[in-house]
A.B. asks: 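Following this message is one structure expressed as structure tokens.
Because the structure is predicted, anything quoted here is derived from the model rather than measured.
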Amino acid sequence: MGNGNVQNLPPVQRELRVEMVPVITTSKYHISNCQCTIRITPDIEKDDGAELTVRVYHITLSAPISVSHRLEVMEGNMAANEDYQSLVEGVGSLDFTGEADPCKLLLTGDCAFPVLVSPRQDVLIAASRYGKGKMVVMAHWRYLNRHEFKGFLNNTVCWLSPDSEANVGVHNTLKALARILSESGYKVHTTSTLTQGLSVFCTDGYDDQQAEEIISFVREGGGLLIGAQAWDWANNHKEDNVLHHFPGNKIVSVCGVHFTSDYGEKGDFCVTKNMPQAPINSNYNFSAEQKSLLNGVSQLDISGPSVPSDLLLHGALSFPVGLSEGNQCFVGAVYYGKGRVVVVTHESYLTKPELKQLILNAISWLDIGHQRRIAVHDNLRNFAKVLQKENIPCIKVSGIVPKLSVYCCDSYRDTEAKGIHQFVAEGGGLLIAGHAWWWSYQNPTLDALTHYPGNKILNQFGISILASTVPRGIYRAIVPGEATEQYHFLRALRQLEAELQKVTELPPPFCTRVTKLMRDVTAFLRLPASPIIRSIQSQLVEMIKTYIPNASEMWPISNCSKEDLLLRLAHESYNVTHVCDESNILETEPSITVNIDATNPGGDAWRSTGLYLAPRKAAVLEFPVSVVQQGFWVQVGCQTDDLSDKEKLHRAPVVVRKIHVDCQKVAVSSLWGGLLYIIVRADSKLGPIPVRVYGAEPAPVYIKGQTSPDSWLHSVRKLPAPWAELVTENIILTVPSDAVRSLTDPESLLSYWDRIMGAIAELAAIETFPRPERFVADVQISAGWMHAGYPIMCHVESVRELTDLAHMQTEGMWGPIHELGRNQQRKEWGFPPHTTEATCNLWSVYVHETALGIRRDQAHPDLQPDARRSRIKAYLQGGLKLKNWDSWTELETYLQLQEGFGWKPFKSLFGQYQDFSSISDKNKSKMNLWAEEFSWAVETNLVPFFEAWGWPIDPETRSSVSAFPVWESDPMKPYLTAQKP
């Protein structure tokens, strides 16, 4: 279905009236925020509003890609394939041999599409829509006079104006075309100019005297057939830019087609059944433009409080103006139609003194012809003041107005998108500023590329604002002469394509740009698909699909290798392009209803379904209406660590997929597969909800108090799914199924875990866990042997510490409890970087001693008495410097307090701190607060003790506890006495 082929669809199932919104391919749309695969039938019934009667063939539900494009954009995307078929119907080949030497055509417009592409990937015929009208562009005017092209020329005029009675104007230079069309029954009028009453105008592209009239003619519904080649003109106008000054380009560029100075391939070329792919154009040099924009600018200072977004430059005529050291773009520019655009990714930069020269240069570059008709939106009043101080006349407006040369606005509204598109296409300059990262933070379920207001304006231009940020700093200005060496997404794609065809590994210069390229590929695959974007997306996906490598511990993949790059891109490519056949799943797959607890007082919580989804297999989850658009997600997989920064990969960097529950039926598939979860948003109060799941299989899951031990022994643990879960009230263990197939008594194991989690809660002074803690085993994790978080991640080698009861009882489990303790730490009583790896071990000690019956000196070798004494002495000899107070030394401070006063004051303080507010972030202030509160908790003056450890105690703290007796049995006294001479 992704290629738009609807020949073999099953019979119509039903008709319904829906609002239509396009997404990534021409055959997918949204119905009530659900992605659908449909065919728009010829008998469309169109209302005055944005509704259509459509016949639905398949409904496939997945993550929303776009919900903001209106009906006219949908019609443009749907029209491309149908338009192509209309233009080439009955045409088998087109002969581009002979004396005429064509030029290449460049396609950049949102509606432009190739009609004929040579084997060398030269576009020789293109078509597009503009406003209410259409254009067909041919790469030499002589082809308009060729009798061999008769079938195609007739198709073209018919497509440009389906009315057989329409008046067709043919320029005097195209006499043979006039005869061809007359013979075919068209009402032909030979003319030297565009005249009133014509429906189609056929001309060459060497005269721009009527450029404005012709553009207006097309915009209002006229059809234009135009042919030219620009290489000869370029040879005679070496100082002029062909894309902007060649007469024909002053007409056709508004619809995103350009004549170029490059020779096109000659030959007799077959016309393909399906629309040909557009080539990836990336060889344009923008040194002159960068020189103009960066005149007098040696560095770009984006330091300070404002955080800019990154830009994706995906248009052939886009280029960077400001680049970070990591190739992230914070100022970019692009040619679009006859106009120009500059994007600055934070509005405060327009008034930042250090960037004033750049912004003034931008205004000058945008003001084509220096007409000085500049308008600034009311939301940028301070920028208007900057221009006025520089004696640059400007007017303040609440929206775009006629007869402007430059329009300046922010990127936080899209109400003017259509007007801005026309303004720029027909020669206006746009300066637009804003960032998308804050919007993305506020709209976590929406994709900034398709929903962020600024991108509804900018995507069409070939430049998009990303949700990712650029590090603040001072960056060297781009050197224009190095333009071809600068990172550009399309150029990087071409380089990637070439490198993947080689036997050798990726060269070092390419490796330095891999991180940025991978981010951009991920973003580009999610762009709403115009014919050109869809074509490049298709080529990119095919490139990735050629080989998806396997990574393992035995056969790791090296960072920056070809395998690494393909592995990183495969996941996102699959997510974006895979289409689930929902109707088939619902009809053929068995279903299981699971009950999910949708009341969640804590942070976002994973609710296990107990089901597994195999790699590349699709499932459908059916939710109650009450859950839709409530911040719930479907998640496949639980190994959530992103390994992108690893030098060696034992698995793909990202293997988890999440899809927002924005409709009742959610289809999901994952390249890697995994256990199936429902993520319940924080503070949800919906109670138990049933979720019906089609297409997933049961996994080995034991739930304490629910699963029958007999069924576990004889069936559940033998289920083939590769991942298993052991569940009790406050902890869930996710481990390889092979690790529990021989587990005969999960009840005792989980009872042991209940004791552990009870002890964790006791010391933390909490009654219940807001959500169960989770351990997840993985073949590779992002940091350490284990690391805290939700979930706590561990290597598969650590599974024994979680599931082997005999081992846990005899050897202890310091590491797992250390991580559980990390999850209980609070910033209010932590002193980073101090105590981060220390206070969590209070839980390790407490749990081992109170719940497991293992003394501290047996729980960990570093707590042997001799080791403890040696650390104290070494720290004192070092001069009581906090920089030396780390890890086990820090823990010693707390253990001495515990050994002197017991666990009760710790529990009391941990409880009190939960009610504290407005605690300083400064370590010194927090250390004084802890010293004071602990002293009050035990009614003892502990100032000398903390000072013995080098804590910076303030006079206020000393005064606050001065009435209490000094700790007579202070364990630091003997050490301090021994130090005295």
A.B. asks: Starting at CD of Gln898, measure out to NZ of Lys904 and round the result to the nearest 0.5 Å.
C.D. replies: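 One gets 14.5 Å once the value is rounded to the nearest 0.5 Å.
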A.B. asks: Could you check whether Arg771 makes a cation-pi contact with Tyr790, meaning its NZ or CZ is under 6.0 Å from the centre of the six-membered ring and within 45° of the ring axis?
C.D. replies: yes
A.B. asks: Are Arg681 and Asp604 close enough for a salt bridge, meaning some N to O gap below 4.0 Å?
C.D. replies: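 No salt bridge links Arg681 with Asp604.
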A.B. asks: Would you say CD of Glu729 has more than 12 non-hydrogen atoms from neighbouring residues, nucleotides or ligands within 6.0 angstrom?
C.D. replies: no
A.B. asks: Classify the side-chain pair Asp310/Trp437 by whether it contains a donor and acceptor separated by less than 3.5 Å.
C.D. replies: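 There is no such pair (donor and acceptor under 3.5 Å, judged by atom type) between the side chains of Asp310 and Trp437.
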A.B. asks: Main chain of Pro772, side chain of Arg774: is a donor-acceptor contact present, judged purely on distance under 3.5 Å?
C.D. replies: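 Checking the backbone N and O of Pro772 against the side chain of Arg774, no donor-acceptor pair under 3.5 Å is found.
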A.B. asks: So, are Glu849 and Arg856 salt-bridged, with charged N and O less than 4.0 Å apart?
C.D. replies: yes
A.B. asks: Quick test of your reading of the model: are Arg868 and Asp857 salt-bridged, counting only N-O distances below 4.0 Å?
C.D. replies: no
A.B. asks: Please indicate whether Glu939 has more than 12 foreign heavy atoms, meaning atoms of other residues, nucleotides or ligands, lying under 6.0 Å from its CD.
C.D. replies: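 Open.
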A.B. asks: So, applying ring-ring contact (aromatic ring centres under 6.0 Å, His included) with Phe901, which one of Phe945, Phe906, Tyr894, Trp967 is it?
C.D. replies: Trp967
A.B. asks: Does this structure show an ion pair linking Glu572 with Arg657, if we count only N-O contacts that are shorter than 4.0 Å?
C.D. replies: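 A salt bridge is absent here (no side-chain N lies under 4.0 Å from a carboxylate O).
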A.B. asks: Would you tell me whether Thr728 and Asp754 have side-chain atoms, one donor and one acceptor, within less than 3.5 Å of each other?
C.D. replies: yes
